[in-house]
Amino acid sequence: MARRLIVQKYGGSSVGNIDKIVNVAKRIASYKKKGYDIVVVVSALGDTTDELLGLASKITKAPSERELDMLISTGEQVSVALLAMAVHRLGIEAISLTGAQVGIVTDSSHTKARIIGVKARRIREELKSGKIVIVAGFQGMNVDQEITTLGRGGSDMTAVALAKVLNAEMCEIYTDVDGVYTADPRIVRDAKKLDRLSYEEMLELASLGAQILQARSVEVASKFNIPLHVRSSFSNRVGTLITKEVKAMEEVFVSGVTLNKEEAKVTVCDVPDRPGAAARIFGEIAKQNINLDMIIQNISRTGSTDVSFTVMTSDLGKTLRLMKKTVKTIGAEGVIFDKDIAKVSVVGIGMRSHSGVAAKMFKALAKRKINIEMISTSEIKISCVVRKRKGEEAVRILHKVFELSKRR
Ligand code: ADP
Ligand code: ASP
Ligand code: MG
């Protein structure tokens with residue numbers, strides 16, 4: 001009979017200090033004793049990645065992305081080595097490996113690389129010899145043997161990719177909360193833990209700011225139908241199971257509220273009202289691999305119009321440099337930006353069959369005098385951009401209006 005294989009990912013919050021690393025080692029050991037083959041993916045300790053990025057920003061505003069990857073990939077190498085030592089201390093065999101050593105091959109888009117293949121031969125050999133394999137999350141290598149990273153939260157991606165390649169029966173995501181909640185429990189005190197979620201809803205929640213899982217990892221889990229179990233590394237409670245949609249899920253029309261404070265609004269002013277101007281602006285952005293979110297263009301009354309869009313703040317410098325050049329080539333007036341925004345969203349699969357969610361959302365925000373600056377919708381979500389300082393209040397209001405604390 002094939003041995004049971006499980007992939008477990010421990011986030012930075014689960015390995016923030018030595019006591020926590022020892023706690024993780026004990027948990028892994030208990031699964032080993034139950035007879036599982038275990039592949040563990042680990043993130044950098046606590047806030048290490050942010051600290052490393054902070055160091056780079058003290059040197060330059062526009063660091064080389066190759067060097068950034070060289071820098072931030074070091075965080076995970078520290079945590080895997082320490083965790084392996086903690087497991088050894090329990091008398092259990094384990095080996096730590098980098099992304100490159102396990103054959104995670106990516107494309108060359110530094111800082112947000114995509115996995116194009118996983119060789120995994122080394123992992124299989126180590127498992128066969130009875131070891132627990134501890135893999136550095138978040139990192140890979142391109143075909144030119146350059147180190148790459150998989151975007152923020154990318155250890156989730158490593159875990160999902162390994163679960164797929166190794167045909168694991170489960171991919172467990174261990175973190176510092178009990179599962180996925182109706183809103184960030186740090187913002188909404190009476191947020192409710194969700195027992196089950198569909199990939200689709202989780203993907204929207206994650207893309208819209210619920211930092212608990214990296215959006216891209218949910219996309220891949222969904223594509224290959226890999227069940228994800230998000231749970232706490234500090235308790236044995238069952239967390240949130242993320243799977244394909246099941247019928248009962250449709251009955252709930254809003255399952256969560258999210259907040260994203262990591263976006264900035266860029267406005268290209270007085271863009272001449274000519275065919276091709278928008279194509280030029282967005283074409284340049286796509287070429288540089290910058291992810292766009294919302295786009296707004298008003299109808300022109302005067303022969304020119306403002307075009308606004310939002311990007312991740314981490315891409316803002318790059319976007320502005322690019323737009324300064326583009327403004328000249330398309331004959332626009334200039335480019336301005338606003339970092340003082342937040343995006344609040346409500347998400348739910350049931351929105352497909354229930355109308356009136358948008359009206360309820362706008363009314364609730366208006367009642368508290370929270371001005372809506374941009375709106376975007378999809379089949380299962382509605383997002384509004386508001387002033388950043390109003391973001392958390394907006395989340396709490398919406399959580400209340402949609403009665404999410406009453407969810408079971
Ligand atoms: P890790 O270090 O384990 O990767 P993260 O900090 O990336 O952890 O993600 C966990 C955090 O995500 C939680 O501490 C929580 O505050 C936050 N979070 C945001 N939205 C949600 C949500 N809807 N449900 C649960 N946690 C959320
Ligand atoms: N350490 C990386 C980050 O902070 C990857 C991860 O935590 O998943 O984004
Ligand atoms: Mg994370």
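Worth saying up front: this structure is predicted, and the values here are computed from it rather than measured. Just so you know, ligand 1 is whichever comes first in the structure, and atom 1 is the first atom listed for that ligand.
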query: Would Phe234 and Tyr174 count as a close aromatic pair, with their ring centres under 6.0 Å?
result: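 So the answer is no for these two rings.
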- prompt: Which atoms of ligand 1 have any heavy atom of Gly12 under 4.0 Å away?
  reply: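 Those atoms are 1 (P), 2 (O).
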field: ligand 1 atoms in contact with Pro185 (distance to a heavy atom under 4.0 Å)
entry: 25 (C), 26 (N), 27 (C)
field: Per-atom contacts of ligand 1 with Lys9, taking only distances under 4.0 Å to non-hydrogen atoms
entry: 4 (O)
query: Can you list the ligand 2 atoms lying under 4.0 Å from a non-hydrogen atom of Gly153?
result: 3 (C), 5 (C), 6 (C), 8 (O), 9 (O)
- prompt: Quick one: is the NZ or CZ of Lys164 closer than 6.0 Å to the six-membered ring centre of Phe224, and within 45° of its axis?
  reply: yes
- prompt: For atom 13 (C) of ligand 1, what is the nearest protein heavy atom, given as residue, atom name and distance?
  reply: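 Checking every protein heavy atom, the shortest distance to atom 13 (C) of ligand 1 gives Asp176 OD1, 3.5 Å.
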query: Under 4.0 Å from ligand 2, counting heavy atoms only, is it the side chain of Ser43, its backbone, both or neither?
result: side chain
Aromatic plane relationship, Tyr36 with Tyr31 - under 30° parallel, 30 to 60° tilted, over 60° perpendicular: tilted
message: Between Ser232 and Arg237, do the side chains contain a donor N or O and an acceptor N or O under 3.5 Å apart?
response: no
message: For the 3.5 Å polar cut-off, considering only N or O atoms, please tell me whether Lys9 and ligand 2 meet it.
response: no
query: Can you list the atoms of ligand 2 that are under 4.0 Å from a heavy atom of Arg152?
result: 3 (C), 4 (O), 9 (O)
- line: In ligand 1, the atoms that come under 4.0 Å of a heavy atom of Tyr181 are 22 (C), 23 (N), 24 (N), 25 (C)
field: Glu219/Arg216 salt bridge by N-O under 4.0 Å criterion
entry: no
query: Will you find, in the side chains of Thr313 and Glu263, an N or O donor that is under 3.5 Å from an N or O acceptor?
result: no
- request: Using a 4.5 Å cut-off on heavy atoms from C-beta on, say whether the side chain of Leu53 contacts that of Arg152.
  value: yes
- prompt: Counting both backbone and side chain atoms, is some N or O of Ser43 under 3.5 Å from an N or O of ligand 1?
  reply: no
- request: Under 4.0 Å, heavy atoms only, figure out whether ligand 1 is touched by the backbone of Gln211, its side chain, both or neither.
  value: both
- prompt: Between Ser14 and ligand 1, does any nitrogen or oxygen pair lie at a separation below 3.5 Å?
  reply: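 N/O-N/O distance under 3.5 Å: no.
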